[in-house]
Amino acid sequence: MLVTIDEPFNLAATLESGQAFRWHKAGDVYQGVVFGNVIEIRGVPRGIEFSCLPDAENDIAPLLCDYLGLNIDLASVYEAISVDKHIEEAITRYSGMRVLRQDPWECLVGFICSSASNIPRISRNVEDISIAFGKPIGRSIKRHSFPTPEDLAEAGEKRIFRLGLGYRATYLSKTAQAVAEGDMDLASLRKDSYGHALEALVTLAGVGDKVANCVLLFSLDKPEAFPVDTWIIRVLREWYLDEAMPNSLPKMRAWAQGYFGPYAGYANQYLFHERRRRDRS
DNA sequence: TGGAAGCCTGGTGT
DNA sequence: AACACCAGGCTTC
């Protein structure tokens, strides 16, 4: 099915910028699992072409656009965060990169897995978790739905550990229990304020300031969220903050949120992507 | 209250 | 080949 998109959209940058971990690229096609569907997307000149299984494309199309962050007016975001040369350069280079709007539970699990790890490994971890505790989709034996909090809580720490998650297995097991038992209502955090939602998230095992801000930005409608990881620390040190400045994580985050404003998270995503690319080339 | 060590594992460098 | 060292971080002391 063809979906025309009139606003700027960069499919590759959106799916390859470390926001989600279940997209595989084969040629010019991205395959992923969203809404319990195996989805394949290809960028075309004026939009995207996609297919999905097992649901009808007509039903999935609006959900997919929402997931891809296409319901946000990027032009006004750019206007808000274009406060200096560095950010303007990154915007120019990755124009159309979106912030995804993911399922909060899956996003949370992905970023708990991310601590002291790297994208290839996180992807493998998340895929292994899906295969072990999710359900095969349609007749495909290759891709599986993402397990529910109940699925993961029942699986238990031991079986998670055996997938090679290391010390993260404890975090995942505890957090899954908290969500499954209703001690943590992730969906309600979408309507909460940024501050309150952050406060709630960091009570979960394996969730500190960085992971919480990733979940807030990529799944809970909090565009002011600003995850400070080692790449962003480099950006801030090299381009923004004096070296003598105190470098505690929450202080750096607060500074950036004040500097970039209500859409600081978008600035974060562009600077992050730009800084990593620069290191690789 | 800040800062450093430890934690599982896999990849990378020596 | 075998062995350090470290990574997109959290927790604990």
Side-chain angles (χ1 to χ4, degrees), chain A residues 13-23 90 94 97 99-100 102 106-129 131-132 152 155-179 184 198-219 225-239 241 243-256 264-281:
Chain A
T14 301
L15 294 183
E16 294 183 46
S17 50
Q19 303 183 53
F21 305 104
R22 295 201 72 190
W23 291 97
Y94 301 112
M97 179 167 67
V99 168
L100 293 174
Q102 305 180 57
E106 178 173 342
C107 188
L108 175 62
V109 170
F111 283 98
I112 289 176
C113 291
S114 77
S115 82
S117 191
N118 50 69
I119 290 177
R121 185 179 175 197
I122 302 163
S123 302
R124 188 160 32 79
N125 287 158
V126 171
E127 205 59 28
D128 287 344
I129 287 172
I131 292 169
L152 209 56
E157 183 181 331
K158 277 245 167 55
R159 291 176 64 201
I160 300 172
F161 183 88
R162 277 188 227 122
L163 296 177
L165 269 294
Y167 58 83
R168 303 162 195 85
T170 315
Y171 300 154
L172 291 174
S173 179
K174 282 187 183 167
T175 290
Q177 280 177 39
V179 177
M184 171 64 58
L198 172 61
E199 209 176 312
L201 283 176
V202 296
T203 64
L204 294 169
V207 181
D209 197 84
K210 190 271 178 183
V211 169
N213 274 275
C214 286
V215 177
L216 290 164
L217 179 58
F218 302 137
S219 75
F226 195 92
V228 178
D229 55 38
T230 62
W231 294 99
I232 288 295
I233 288 174
R234 283 174 210 179
V235 169
L236 294 180
R237 292 226 176 104
E238 290 170 15
W239 291 344
L241 300 175
E243 284 191 14
M245 181 150 185
N247 50 8
S248 91
L249 193 149
K251 276 182 188 168
M252 293 176 105
R253 171 167 65 69
W255 177 87
Y266 279 80
N268 182 295
Q269 190 59 24
Y270 279 79
L271 293 172
F272 171 79
H273 202 51
E274 164 68 8
R275 184 61 182 77
R276 289 189 72 222
R277 186 205 59 80
R278 206 160 59 82
D279 225 48
R280 291 179 170 195
S281 57

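In this text the structure is predicted, and so the values were computed from the model without any measurement. Naming: A, B, ... by sequence-line order, numbering from 1 per chain.
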Counting only Watson-Crick pairs (N1-N3 plus N6-O4 or O6-N4) and G-U wobbles (N1-O2, O6-N3), all under 3.5 Å, who is the partner of B:dC8?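 Result: none.
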Touch check for [X], heavy atoms < 4.0 angstrom, all strands: base, sugar-phosphate only, or nothing?
{"X": "A:I233", "answer": "nothing"}
{"X": "A:F161", "answer": "sugar-phosphate"}
{"X": "A:G208", "answer": "sugar-phosphate"}
{"X": "A:R124", "answer": "sugar-phosphate"}

Distance between [atom1] atoms of [N] and [M] (Å, rounded):
{"N": "B:dA5", "M": "C:dC5", "atom1": "C1'", "value": "15 Å"}
{"N": "C:dG9", "M": "B:dT1", "atom1": "P", "value": "24 Å"}
{"N": "B:dA4", "M": "C:dC6", "atom1": "P", "value": "14 Å"}
{"N": "C:dC13", "M": "B:dC8", "atom1": "P", "value": "14 Å"}

Without decimals, in angstroms, what is the distance between [X] [atom1] and [N] [atom2]?
{"X": "A:L172", "N": "C:dC10", "atom1": "CG", "atom2": "C1'", "result": "12 Å"}
{"X": "A:K174", "N": "C:dC10", "atom1": "NZ", "atom2": "C1'", "result": "12 Å"}
{"X": "A:Y167", "N": "B:dG10", "atom1": "OH", "atom2": "P", "result": "13 Å"}
{"X": "A:D229", "N": "C:dG9", "atom1": "CG", "atom2": "P", "result": "5 Å"}
{"X": "A:L165", "N": "B:dT9", "atom1": "CG", "atom2": "P", "result": "10 Å"}
{"X": "A:N213", "N": "C:dG9", "atom1": "CG", "atom2": "P", "result": "12 Å"}
{"X": "A:K158", "N": "B:dC8", "atom1": "NZ", "atom2": "C1'", "result": "15 Å"}
{"X": "A:R121", "N": "B:dC7", "atom1": "CZ", "atom2": "C1'", "result": "11 Å"}

Residue pair A:V202 / A:D209: nearest heavy atoms and the distance that separates them: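 A:V202 and A:D209 have their closest heavy atoms at CG1-N, 4.2 Å.
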Flag, side chain of A:R22 to backbone of A:V126, donor-acceptor distance under 3.5 Å: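 Between the backbone of A:V126 and the side chain of A:R22 there is no qualifying donor-acceptor contact (under 3.5 Å).
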For this output row, return yes or no: ring centroids of A:F226 and A:F272 closer than 6.0 angstrom.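 No.
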Using heavy atoms to find the nearest nucleotide of DNA chain C for A:T203 and A:R234 separately, return the residue whose nucleotide is more 5′.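 It is A:R234 whose nearest nucleotide is closer to the 5' end.
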Quick one: does A:I232's side chain get under 4.5 Å of A:M252's, heavy atoms only?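 No, their side chains stay 4.5 Å or more apart.
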Side-chain heavy-atom pair A:N125, A:L163 within 4.5 angstrom cut-off: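 When only atoms from C-beta onward are counted, A:L163 and A:N125 do not touch, as no gap falls below 4.5 Å.
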Please state whether the base of B:dC8 and the side chain of A:R168 form at least one donor-acceptor pair under 3.5 Å?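 Answer yes: a donor N or O sits under 3.5 Å from an acceptor.
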Quick check: any donor-acceptor pair below 3.5 Å linking the side-chain of A:Y171 to the base of C:dG9?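 No, the side chain and the base share no sub-3.5 Å donor-acceptor pair.
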